[in-house]
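Atom set for the values below is all heavy atoms of this structure, side chains included, hydrogens, waters and symmetry mates excluded. Lettering follows sequence order; numbering is per chain, from 1.
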There are 2 protein chains.
Amino acid sequence: MMMDTHHSNKQTKGAITKHKIIVEARDLFYRQGFAATSTAQIAKKVGVSEAALYKHFKGKMALLLATVEPERPHDQEVSYFSTLSNLDLLGAWTEQLISTVFHNRPQYTIIFSESPRHPELSENYIRHLHQLTNADKELLTRMDKGQLPKLDLVLFQVGIIGSFLAMLTHKRIYEPTLNLQDIPEDIRHTLISIVEGKLFQQ
Amino acid sequence: MMMDTHHSNKQTKGAITKHKIIVEARDLFYRQGFAATSTAQIAKKVGVSEAALYKHFKGKMALLLATVEPERPHDQEVSYFSTLSNLDLLGAWTEQLISTVFHNRPQYTIIFSESPRHPELSENYIRHLHQLTNADKELLTRMDKGQLPKLDLVLFQVGIIGSFLAMLTHKRIYEPTLNLQDIPEDIRHTLISIVEGKLFQQ
DNA sequence: GTCTATAAATGGATAGAC
DNA sequence: GTCTATCCATTTATAGAC
């Protein structure tokens with residue numbers, strides 16, 4: 001009845017089904033939005049009955065929460081970041097951030113678009129955004145030492161992610177054929193330039 | 001039956017009702033999202049029956065389209081912008097952009113969040129974003145002359161707006177008591193610094 | 001132009017058999 | 001753990017009276 005949520009390896013039949021449900025629900029929430037997606041549609045896509053779906057999740061809301069767990073970025077060693085110049089550190093920080101967001105687009109898109117309506121989601125959101133990577137820590141250290149100007153890193157991060165997701169959406173709308181396997185070069189360039197402060201520098 | 005949609009002055013009773021419907025629907029779409037808002041809820045808030053609502057709009061979709069018409073920014077004279085230094089022009093451009101977005105938050109929020117799902121909305125979106133202000137034109141002129149680096153202005157604009165809306169949402173979530181009558185200073189500062197390229201400049 | 005009443009379909013969620 | 005069948009509230013939208 002409780003399923004083996006404490007296992008990360010999906011071995012039992014039930015766990016496999018549960019995982020499938022999460023994957024398909026995430027895809028639908030991402031593409032159609034939470035409210036516009038019905039549990040019937042999810043069940044159909046997974047190939048199970050709605051009743052089965054409700055054995056794995058208490059409700060649609062519990063399912064939403066399960067779909068937004070982002071994977072951690074491939075974090076580098078602290079020592080690596082500490083060797084970088086300010087500019088290179090900022091570049092590496094940005095690269096890591098947008099790479100993480102890009103490879104977890106569905107999760108981030110769902111969180112950013114549904115958070116205002118679902119406070120439960122915000123908790124998840126801050127839990128991840130506030131979890132500092134080594135690049136974050138190195139940035140904060142240098143801000144403390146006065147080597148970099150101080151700013152609200154979380155707010156800035158939110159801004160960068162919001163900007164990134166908006167540009168990706170824009171491109172998808174006007175180039176529907178676009179295959180988004182890699183981060184489009186113009187978007188990457190714009191973001192890196194923004195962070196490194198050379199957007200309108202001559 | 002067709003109402004006087006060609007008049008901008010809301011004089012007749014029907015037109016007043018129609019305007020009220022748009023205002024209340026916009027507010028609900030903004031706060032709850034399109035899919036999560038029912039026509040019954042809108043009608044109740046306006047104080048009319050659903051049937052009346054459907055006399056003014058063919059369907060929920062037509063109503064959505066009616067809610068996202070942004071007002072034009074208070075555009076300055078070209079001569080004003082042409083006197084500015086590059087940095088001041090960028091500052092003025094950003095100020096005008098975020099001011100327009102801020103005072104039409106519901107419209108921009110709805111457009112940005114619902115566009116991926118509703119292609120009809122995208123047309124509206126590009127119609128407005130592509131409509132160049134005088135500040136836009138001056139920027140493009142200087143890019144052409146090589147006085148400023150060239151970049152995709154629309155994509156950049158989308159990025160700035162996405163960033164702005166995300167930061168506003170972030171603040172609203174973590175400071176629910178916040179009275180958003182003016183643009184929060186930290187957000188304005190972050191955006192201006194981004195555009196002027198002095199975010200991490202020392 | 002606005003109402004009441006209602007159609008017709010779909011929404012989330014559960015009971016109970018296997 | 002999964003199914004069929006079903007409950008009941010809500011959904012968009014319309015018919016027809018006033």
[X] [atom1] - [N] [atom2] separation (whole Å):
X        : N       : atom1 : atom2 : result
Lys55(A) : dG16(C) : NZ    : P     : 11 Å
Ile42(B) : dA13(D) : CD1   : P     : 11 Å
Lys18(B) : dT2(C)  : NZ    : C1'   : 16 Å
Phe57(B) : dT12(D) : CZ    : P     : 15 Å
His56(B) : dT2(C)  : NE2   : P     : 4 Å
Lys44(B) : dT12(D) : NZ    : C1'   : 18 Å
Leu53(B) : dT11(D) : CG    : C1'   : 14 Å

Which residue, Asp136(A), Ile161(A), Thr133(A), forms the side-chain contact (heavy atoms from CB on, under 4.5 Å) with Leu97(A)?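 With Leu97(A) as partner, Asp136(A), Ile161(A), Thr133(A) yield a single side-chain contact (heavy atoms from CB on, under 4.5 Å), made by Ile161(A).
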For nucleotides 11-14 of chain C, tabulate all protein N/O to nucleotide N/O atom pairs closer than 3.5 Å, reporting atom names and distance.
{"residue": "dG12(C)", "atom": "OP1", "partner": "Thr37(A)", "partner atom": "O", "Å": "3.3"}
{"residue": "dG12(C)", "atom": "OP1", "partner": "Lys60(A)", "partner atom": "NZ", "Å": "2.9"}
{"residue": "dG12(C)", "atom": "OP2", "partner": "Thr39(A)", "partner atom": "N", "Å": "2.8"}
{"residue": "dG12(C)", "atom": "OP2", "partner": "Thr39(A)", "partner atom": "OG1", "Å": "3.1"}
{"residue": "dA13(C)", "atom": "OP2", "partner": "Tyr54(A)", "partner atom": "OH", "Å": "2.6"}
{"residue": "dA13(C)", "atom": "OP2", "partner": "Lys60(A)", "partner atom": "N", "Å": "2.9"}
{"residue": "dA13(C)", "atom": "O5'", "partner": "Tyr54(A)", "partner atom": "OH", "Å": "3.4"}

Under the side chain to side chain contact (heavy atoms under 4.5 Å, CB included) rule, collect the residues that match up with Ala166(B), sequence neighbours excluded.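 Listed in chain order: Phe112(A), Val158(A).
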Could you tell me whether Arg127(A) and Glu69(A) make a salt bridge, using a distance below 4.0 angstrom between a side-chain N and a carboxylate O? yes
The criterion is side-chain hydrogen bond (donor to acceptor under 3.5 Å, both in side chains); which residues satisfy it with Arg105(B), sequence neighbours excluded?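 Arg105(B) satisfies side-chain hydrogen bond (donor to acceptor under 3.5 Å, both in side chains) with no other residue.
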Does Thr17(B) make a side-chain N or O approach to OP1 or OP2 of dT2(C) shorter than 4.0 Å? yes
To the closest 0.5 Å, what do you measure between CE (Met167(B)) and CD1 (Ile183(B))?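 Met167(B) atom CE to Ile183(B) atom CD1 measures 10.5 Å (nearest 0.5 Å).
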Between Leu148(A) and Leu139(A), what is the shortest heavy-atom contact and its length? CD1-CD2, 3.4 Å
